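Written out below as structure tokens is the structure these notes cover.
Here the structure is a predicted model, which means the values were calculated and not measured. In listed order, ligands and their atoms are each counted from 1.
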Amino acid sequence: MRRVISMKAWVDKDGCIACELCTNICPEVFRMGDDDLAEAYVDTVPEEAEDAAREAADSCPVSVIHIEE
Ligand code: F3S
């Protein structure tokens, strides 16, 4: 079945403490930006990275990763 809804992910940078967990768990979506805070650098989470993106959001110690699907 074709999926019509895609997953979005973003980081609320104000709260990021730069622990880099998200970039380790899901480098397909998250990277450390020039400001040394995490950012989601893709518009849409690739399907094969969705589980990792969810895990990153669950693992962020300050819960600043948001997922919308
Ligand atoms: Fe920041 Fe959370 Fe990632 S603290 S580096 S957004 S895991």
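- Of the protein's heavy atoms, Ile17 N, 3.3 Å lies nearest to atom 4 (S) of ligand 1.
- Contacts of Asp34 classified as salt bridge (Lys or Arg N to Asp or Glu O under 4.0 Å), with partners at least two apart in sequence or in another chain: none.
- Numbered from 1 in the order shown, with element, the atoms of ligand 1 that lie under 4.0 Å from a heavy atom of Val62 read 4 (S).
- Atom CG in Asp36 sits 9.0 Å away from atom NZ in Lys13 (nearest 0.5 Å).
- Judged as a ring-ring contact (aromatic ring centres under 6.0 Å, His included), the pairs with a partner in residues 50-69 (not counting sequence neighbours) are, in order, Trp10-His66.
- Protein N/O/S atoms closer than 2.8 Å to atom 3 (Fe) of ligand 1: Cys22 SG.
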May I have the list of side-chain donor-acceptor pairs in residues 24-33 shorter than 3.5 Å, sequence neighbours left out?
unit_1, atom_1, unit_2, atom_2, d
Asn24, ND2, Glu20, O, 3.1
Arg31, NE, Glu39, OE2, 2.7
Arg31, NH2, Glu39, OE2, 3.2

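- Looking at Ile17 and Pro61, their side chains come closer than 4.5 Å, going by heavy atoms from C-beta outward.
- Considering CD1 of Ile65 and CG of Leu21, their distance stands at 8.5 Å, rounded to 0.5 Å.
- The distance from the OG1 atom of Thr44 to the NZ atom of Lys8 is 3.5 Å, given to the nearest 0.5 Å.
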